[in-house]
Number of protein chains: 2
Amino acid sequence: MSVTVKDVARHAEVSASTVSRVINDDPRISEKTKRRVMESIKILRYKINNIARSLKTNRTHSIGFICPELPNAFFMGIAGSIEEELGKHGYSIIICGSNENVVKEEERINLLREKCVDGIIVIPASDEGKHFNQLKESGMPLVLVDRLVNNIVADAVLVDNVNGSYSAIEYLIGKGIKRIGFIGGDMRLTSAKERYEGYIRALNDYCVPIEEQIIKFGDFHVESGYKAMASLMALRESPHNIFISNYFMHVGAVKYLIENAGALSHEVSISNFDDMELSSILGFSGVRIRQPVGEIGINAARLILQIINKGVGDSPQIVRLKTFLIT
Amino acid sequence: MSVTVKDVARHAEVSASTVSRVINDDPRISEKTKRRVMESIKILRYKINNIARSLKTNRTHSIGFICPELPNAFFMGIAGSIEEELGKHGYSIIICGSNENVVKEEERINLLREKCVDGIIVIPASDEGKHFNQLKESGMPLVLVDRLVNNIVADAVLVDNVNGSYSAIEYLIGKGIKRIGFIGGDMRLTSAKERYEGYIRALNDYCVPIEEQIIKFGDFHVESGYKAMASLMALRESPHNIFISNYFMHVGAVKYLIENAGALSHEVSISNFDDMELSSILGFSGVRIRQPVGEIGINAARLILQIINKGVGDSPQIVRLKTFLIT
DNA sequence: GTGAAAGCGCTAACAG
DNA sequence: CTGTTAGCGCTTTCAC
């Protein structure tokens with residue numbers, strides 16, 4: 001079938017171990033034999049079989065990446081920078097979608113374990129996850145991204161969500177805008193919770209009363225943003241300013257406003273979390289919070305490599321990346 | 001380190017092969033021993049080592065997926081459905097970005113070969129690719145997606161680009177609109193070429209003269225759409241209707257129009273290829289062509305599995321999926 | 001500086 | 001139905 005070290009060895013008239021040493025850049029090999037072996041490798045078009053190597057070395061140079069859904073610009077932005085950063089170190093990524101489903105997430109984790117990946121990076125499907133503890137106990141390097149999980153002590157890369165929304169609300173208040181509607185995400189996600197917290201905290205700090213009825217919750221998806229905006233606009237005294245906690249709900253909300261432009265009793269201005277490619281042209285624009293998407297991925301990649309190479313530290317590292325207010 | 005078949009065998013007081021048979025659902029194993037082995041597997045928390053299995057079976061159940069860039073909603077839509085479809089058959093995907101760079105693409109292919117993937121699905125970086133021939137000669141199952149490559153005979157999943165843009169232009173002409181500007185992609189991509197061909201063919205068929213100066217070319221990215229729109233709007237007689245050949249250039253073009261709304265001498269209506277999540281709310285809306293993104297992925301996945309399982313057919317299969325005109 | 005031999009964890013004849 | 005044996009392609013002591 002395919003050409004192996006043995007074939008190369010025979011062709012170069014050396015032993016298999018010598019070929020192996022050449023492949024692995026072992027310094028104590030003479031220039032001469034090295035050249036000869038290289039020659040044979042080229043002639044025979046030898047390609048190393050990493051499966052066999054992995055079996056021996058217990059390293060696959062593969063990292064698993066699990067995220068709630070693939071066709072999601074935010075997650076894929078992260079995946080992209082993870083892939084790039086890991087690629088620099090000879091690692092590749094196996095991508096899995098969990099469908100925002102804890103059961104499937106666990107399934108994927110098992111799959112990746114069986115594939116013997118060297119580590120797993122995951123954007124958790126929810127705040128629940130005893131399976132992560134099992135994973136850690138098994139010794140698998142693990143990095144959580146974007147969200148935390150209850151009762152799990154693990155290394156993680158997050159964004160400073162609280163201060164993110166806080167700064168946006170603070171800015172609006174500074175502009176004299178006090179009545180600010182809010183569209184939040186699923187409160188089982190730490191990111192959603194934290195963004196909500198930043199909103200509440202800013203209002204409190206500036207002594208702005210909190211109005212329950214102008215606070216709505218969706219699930220970070222387009223459709224829920226649409227509905228939340230609809231219910232806000234259906235209020236007798238609908239808010240003129242609204243803060244939306246992620247990109248996709250922002251899109252849904254804008255969609256509602258565009259489709260119902262005629263029926264609106266007043267103008268609306270939207271501020272929002274996330275600054276994706278299209279955020280700036282969605283219109284209705286107030287301020288927005290940019291997440292350092294690329295940085296998130298790079299940090300996650302570096303963190304997992306560090307764990308793989310140096311072992312888990314005693315206390316888990318939590319990297320919190322700053323957000324930027326775009327006015 | 002980790003528990004192996006041998007450990008399970010010892011614990012269940014059977015031989016390693018029996019354990020292996022249980023794992024692989026070999027029918028000729030007695031219910032009783034099967035149960036006992038399963039028990040031991042559970043107790044010892046045995047997890048199969050697929051690396052070792054792969055070494056033996058020459059199957060990794062991994063498929064490589066190479067695309068020009070990861071954070072791209074279109075590519076990732078395809079990746080997502082590939083992942084899902086392959087997942088149903090026990091396969092996972094290793095994702096690689098080629099950075100729209102043929103050299104890196106080749107590098108990635110070699111990486112995937114060394115990882116012994118069972119097949120490779122690629123959205124080519126350009127129309128150039130002798131490396132694909134080498135790959136095919138090596139016996140690696142290969143499926144091209146979205147674009148073809150010169151002089152390469154390979155199975156592929158494509159979209160009917162020509163008829164896609166033809167039908168849009170035809171529709172506009174039917175509405176009495178004859179002067180239609182065009183923003184195309186990099187003509188080294190077959191998809192860009194075909195969309196342009198559809199435009200030209202429709203104009204010819206309806207005896208509409210072709211005006212070179214209202215035809216611009218970008219590179220399928222946001223920025224180039226912005227620039228192309230700018231140069232169209234800078235014309236003395238800028239077109240009122242414009243057809244744009246993909247989503248990202250559409251975004252860029254809209255961005256230009258929004259930013260320069262005041263300076264425009266007339267209204268503009270945009271028709272475009274692609275119907276992504278946000279296409280419908282970008283405004284300036286004429287008609288658009290929907291690509292069946294999910295279907296593309298599903299077909300690619302099925303095709304690669306078919307090649308893996310039944311071998312390459314004598315003549316390559318080219319699946320051409322229909323597009324839909326959304327009015 | 002190089003070779004011989006053992007073995008990673010699994011599967012697959014071949015026996016029985 | 002189950003065990004024995006060999007070996008996938010590589011790395012890695014241990015000799016020399």
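Heavy atoms only: backbone and side chains are in, while hydrogens, waters and symmetry mates are out. In what follows, chains carry the letters A, B, and so on, assigned in the order in which the sequence lines appear, proteins first and then strands, with residues in each chain numbered from 1.
Nearest nucleotide to the A:S17 side chain, out of D:dG3, D:dC10, D:dT12: D:dT12. With distances taken from any side-chain atom of A:A52 to the nucleotides D:dG9, D:dT11, C:dC10, the minimum falls on D:dG9. In the set C:dC10, C:dC8, D:dC10, the nucleotide with an atom closest to the side chain of A:L55 is C:dC8.
With respect to B:R108 and B:E105, no salt bridge is recorded, no charged nitrogen being found less than 4.0 Å from a carboxylate O. Taking a cutoff of 4.0 Å between a charged side-chain nitrogen and a carboxylate oxygen, B:D26 and B:K34 do not qualify as a salt bridge.
In this structure, A:I29 reaches the sugar-phosphate backbone alone: every heavy-atom distance under 4.0 Å involves primed, P, OP1 or OP2 atoms, never a base. Within the nucleic acid shown, B:T33 comes within 4.0 Å of sugar-phosphate atoms alone, with no base atom in reach, counting heavy atoms only. Nucleic acid contact for A:V19: none, since no nucleic acid atom lies under 4.0 Å from a heavy atom of the residue.
Distance alone, capped at 3.5 Å, is enough to place a donor-acceptor pair between the A:D118 side chain and the A:H61 backbone. Under the 3.5 Å distance criterion, the side-chain polar atoms of B:R147 are left unmatched by any main-chain donor or acceptor of B:L189.
A donor N or O paired with an acceptor N or O is found under 3.5 Å between the base of C:dG7 and the side-chain atoms of A:K56.
Defined by atom type and a distance below 3.5 Å, a donor-acceptor pair is missing between the side-chain atoms of A:S62 and A:K115. Side-chain contact, A:S15 with A:T18: a donor N or O sits under 3.5 Å from an acceptor N or O.
The shortest distance between the side-chain N/O atoms of A:N24 and the OP1/OP2 oxygens of D:dT11 is below 4.0 Å. Remark: A:S20 is in phosphate contact with D:dT11, judged by side-chain N or O atoms under 4.0 Å from OP1 or OP2. Put simply, B:S54 has no side-chain N or O that comes within less than 4.0 Å of OP1 or OP2 on C:dC10. Proximity of B:R28 to the phosphate of D:dC1: no side-chain N or O atom is located under 4.0 Å from OP1 or OP2. In terms of phosphate contacts, A:N50 brings no side-chain nitrogen or oxygen within less than 4.0 Å of OP1 or OP2 of D:dC10. For B:S15, no side-chain nitrogen or oxygen approaches OP1 or OP2 of D:dT4 to under 4.0 Å.
Mapped onto DNA chain C by nearest heavy atom, B:R21 and A:K32 fall at different nucleotides, with A:K32 at the one closer to the 5' end. Nearest-nucleotide positions on DNA chain D place B:A16 closer to the 5' end than the other of A:T57 and B:A16.
A:Y46 places its OH atom 10 Å from the P atom of D:dG9, with the value rounded to the nearest Å. Here the P atom of nucleotide C:dT11 and the CG atom of B:D26 are 11 Å apart, to the nearest Å. Rounded to an integer number of Å, the gap from CG of B:N49 to C1' of C:dC8 is 9 Å. Taking atom CZ of residue A:R10 and atom C1' of nucleotide C:dT2, one finds them 18 Å apart after rounding to whole Å. Look at CD on A:E31: it is 11 Å from P on C:dG1, rounded to the nearest Å. We find that NZ of B:K115 is positioned 16 Å from P of D:dC10, with the value rounded to whole Å. Rounded to whole Å, atom P of D:dT11 lies 5 Å from atom CD1 of A:I23. Rounded to a whole Å, the CZ atom of B:R36 is 8 Å from the P atom of D:dG3.
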